[in-house]
Amino acid sequence: MNAASGVLYKADSQDDIQTLVSDDGRFKVKYTVLLPYWLLTNDNVRLLYSSKKAAAIIAVVNGTNPVHAQNARPTTVSSPDTTCPNCEFGLYAGSPDQYQWNPTGTGQLYQSYDLPIYALNTMDQRNTISYNAVLQAAIMNKVKEYRNYPLKSLQFNSFMWGAQNSEACLRKGWCTPVGGASVWSTPSTNISATDNKPIIVVSAAMDSRSLFHDITLGVESSVTGMVTVLAVAEALSRSSIPLATMPKHVLYTLFTAEAWGFSGSQRFVNDVFSKVECIKPSTSGSGCSYPFYSNLDFQKINSANIEAIFEAGQIGGIGSSSATPTLFAHVDKNQAGVSAPLVKQLIQVAGNGNSSGNPTQPSSQVPVQSANADGVERGLPPSSAMSFLKSRASLPAVVLTDYQKEMSSYTSQDLDDTWNPDTTVRIIQQAASVISRTVWLQAQGISDAAQMTVEQQQAMGSIEVNPQLVHDLLNCLTLNYSCPLVDAYLNVTASPTPPMRLPHYSGTLYSQSQPFPIFAWSFLANMTRFINSTTNTPPVKGCSSSSGTVQCSSGEYCVGDQCIATLTRYHDAFGTGIGLSEDNNYYIKDASKPVWTESTWDPIGLRLFEVTSPTAQGVELGVGIILTVVSAMVVWYSKKFLKKTLKQD
Amino acid sequence: MAKPIQKLNADEILTVSRKLFFAGFCLLPMLWVYNILYVWPVRNRSDLSPQVRRYLMLSGIFSIVMFVVFLTWFSVFINYRLGWGATGDNLTVVLVKGV
C-alpha cells in the first residue's frame with residue numbers, strides 16, 4: 001500500500017468539511033484533513049471518503065496538557081462503543097430482550113474505513129512537537145487559502161500486515177492474540193482445592209479500548225474499577241483479624257483483555273472451572289508445557305467453593321447521567337434472589353458508614369442502591385462476573401457501578417482521560433469501603449452487620465479506605481506512572497526516560513509492554529503477603545536488583561525491595577476461541593468465542609513537506625519530457641554524424 | 001551459444017527441432033516456444049524435411065494449450081487462494097502482506 005499523502009486542510013467546523021467536499025473548483029488535489037476529534041464522526045469520514053478529496057484524516061485529540069486543553073474539548077461526548085459493549089460475548093448473548101447499556105454508543109470502534117486516520121495528542125513533549133508543526137503548517141495553508149503554492153503537505157507511513165481474518169492472520173504469523181496477563185491474588189497462601197472453604201471473589205478489569213491505541217487511558221472505563229479493587233486489598237490488609245485466618249478465602253482478580261469480549265475473565269473461569277490436565281509437564285518444574293501454563297497454582301482454586309463475586313465496574317462518576325453520585329448494585333435478573341442478600345449487606349454496610357464511631361471516617365455521602373430499585377430488571381451490565389455466571393448460573397454476584405441505566409458517555413472514549421479530584425476519589429473511596437467491609441463480613445460468615453459483637457465492630461473499624469491512596473493510584477495509573485507509589489515497587493524512575501502517561505489499550509499476548517499487570521501484581525503481592533503471626537519475623541530487605549546482594553529464599557518474591565511469600569499469580573488472558581497448539585502456534589478453536597487478534601505493523605512515520613501547485617507540477621513534467629526527447633534526438637543525430645565523419649577519415 | 005540456424009544443414013535442423021519438441025514434454029513447455037522462435041527464420045527452406053514443419057506446428061499448438069492452462073490456473077489461484085486457507089498459503093511462495 002502506498003503512503004498516504006495530501007495537502008493539509010484545516011477543518012475547524014462542519015462547514016469547513018462541507019466547503020471541501022462540495023467541490024467548487026478550488027480544491028484540485030488530495031488533502032490531509034486536520035479536524036478536531038469531535039468532528040471525527042462516522043458520517044464525516046464517509047463524506048470525506050466519498051468526495052475523493054481526502055487522502056487521510058488527522059484528528060486532534062485534545063491532550064491532558066492544560067496549555068492545549070482549552071480549544072478542542074467538546075461539550076458533549078458520545079461513546080464510540082456499541083450500544084451494548086461486548087454483549088455478544090456476555091451472559092445474555094443472543095437473548096432478544098437484552099438491555100442496551102450504552103444507548104448513545106455510535107459503534108464507531110467497529111467501523112472500517114478505506115482511509116488512513118491518525119490522531120495528534122499533546123500528551124507529551126514529543127507529541128507536542130509534532131502537534132505544533134502540523135498545526136502551524138495547516139494554519140499557513142489556510143492563510144494561503146489553499147491556493148498560493150507552495151503549500152504544506154503531510155505524508156503518513158504505516159503498514160499493517162494483517163488482512164482477512166484472525167484465522168488466516170494467526171496462521172501466517174502476522175497477528176498476535178489480543179491479551180496479556182490477568183492477575184489473581186489471595187491472602188490465603190494455604191488455599192487448596194480440597195479445603196472446602198468458600199471463596200469470595202473481588203474483581204475488576206485492567207484495560208480498555210478506544211479509537212486510538214496509544215491515547216487510550218480509560219479512566220472511567222476501567223481504571224476506576226481497578227483502583228477500587230487495589231484500594232479494597234489495601235484496606236483489608238489492615239484488618240486486625242488477619243484475612244488468612246478467616247473461615248472463608250478472599251480472592252482478588254484483575255482481568256486483562258476484558259475490553260475485547262471479556263477474554264481475561266472467560267479464560268480464567270474456563271481454566272478454574274474445568275479440570276486442566278497437563279499433557280506435557282514443563283521442563284523447568286513449574287507450570288505446564290502443553291497445554292501451556294506458566295503456573296498451575298490456579299488449580300488450588302476450587303470453582304465449586306466460589307461463593308460470591310463482588311465486581312467494581314465504572315465507578316468514577318465521569319460523564320455519568322445521574323446528577324448526584326450514587327453507587328448501584330447490579331445483579332443477574334435470572335437469579336436476583338440468590339444475589340439479593342449480598343446487595344442487602346452492601347446497602348446495610350454503606351448506611352452504617354458512621355456507626356463505627358470513628359471520627360476520622362467521612363460520612364457516607366455516596367449512597368448505595370440496588371440497581372433494580374426502580375422495579376426494572378436490567379440484569380448485569382457488561383462485566384467479568386458474566387464469565388463466572390456463564391459457568392455457574394446460580395453464583396451470587398454483584399457488580400457495583402456509578403450508573404443505574406446507562407453507562408458513561410466516556411465508555412471506550414479517547415477523551416476518557418480525566419477525573420474529578422473530589423467526586424471521583426469520593427465515589428471510589430466509598431465503593432472500596434463498602435466492598436471491603438462487606439467482603440470482610442462475608443469472609444467471617446457474618447450475614448447481618450447489626451449482629452456483630454463489640455470486638456467485631458471495633459475490628460471492622462480498622463477497614464478503612466485511604467482517600468490519599470485512591471488519589472495516588474488514580475494519578476499513577478493515568479498520568480504519572482513515575483509516581484512514588486509505583487516507584488517504590490518497580491523503581492521506574494531509574495529509567496533514563498521515566499514513564500508518565502501510558503496507554504491502557506488492551507495489549508497483545510506476551511508483548512512485554514504491559515506495565516499495569518506488573519504493578520497490580522506487585523501491589524497485590526504486597527497486600528496479600530504471608531505474615532507469620534507466630535514468629536513475626538520482619539521480611540528480608542534489600543533484594544531489588546539495584547543492590548543485588550540479597551537473594552530471596554525459594555518460594556519468596558522480591559517485591560518493593562522486600563522478600564515476601566505470596567500467592568499472587570499471573571494468568572494468561574486471550575480470547576477463549578483461540579488455542580495454542582503443541583508446537584506453539586495459535587489457531588482458531590471456536591470462532592463463536594472471542595478470537596480478537598492484532599496485526600503486526602511497520603513503524604509509523606510522518607513527513608511534512610512543501611508541494612508546488614498542480615500547474616507547476618504539470619509544467620515541470622512537460623519540460624522534463626521535452627528535455628528527454630530533445631536529448632535523445634541530439635544523441636541520435638550526433639551518432640549519425642560521427643559515424644559519417646569517421647567513415648570519411 | 002547456439003549456432004546460427006542458417007549455418008545448419010537440413011538433417012541437423014530436423015534433429016534439433018525433434019529434440020526440442022520431445023524435450024517439451026518433460027514439463028518444459030517453453031522449449032516449444034523456443035523451437036518455433038529458433039527454427040522460424042529457415043522454416044521455408046526447400047531442403048527441409050516436412051517433419052520439421054510438423055514439429056513446429058505441434059510445438060505451436062502445445063505451447064498455446066499450455067498457455068491457456070497456465071493462464072486459467074493463474075487466474076483461479078490469484079482469485080481464490082485466500083479462500084483456500086492453509087492450502088492456499090502452502091501453494092504460495094511469497095506471502096503478500098496486507099492482503
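Here is the naming used below: chain letters follow the sequence lines, and residue numbers restart at 1 for every chain. Note that the structure is predicted; figures quoted are calculated from it, not measured.
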Take a 6.0 Å sphere around [atom1] of [X] and say whether it holds more than 12 heavy atoms from other residues, nucleotides or ligands.
| X | atom1 | result |
| --- | --- | --- |
| B:R53 | CZ | no |
| B:R54 | CZ | no |
| A:Y49 | OH | no |
| A:Y110 | OH | yes |

Quiz item: To the nearest 0.5 Å, what is the distance between NZ (A:K172) and OG1 (B:T92)?
Solution: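 Nearest 0.5 Å value for the NZ-OG1 distance: 7.5 Å.
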Exercise. First locate atom OG1 of A:T600, then atom NZ of B:K97, and finally report the distance between them rounded to the nearest 0.5 Å.
Key: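 If I round to the nearest 0.5 Å, the distance is 9.0 Å.
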Quiz item: In terms of heavy-atom pairs under 4.5 Å, which option from A:E167, A:M160, A:Q164 contacts chain B the most?
Solution: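 Most heavy-atom pairs under 4.5 Å with chain B: A:Q164.
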Quiz item: Which region of A:W174, side chain (C-beta onward) or backbone (N, CA, C, O), has a non-hydrogen atom less than 4.5 Å from a non-hydrogen atom of chain B, or is it both or neither?
Solution: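 It is the side chain, since no backbone atom gets that close.
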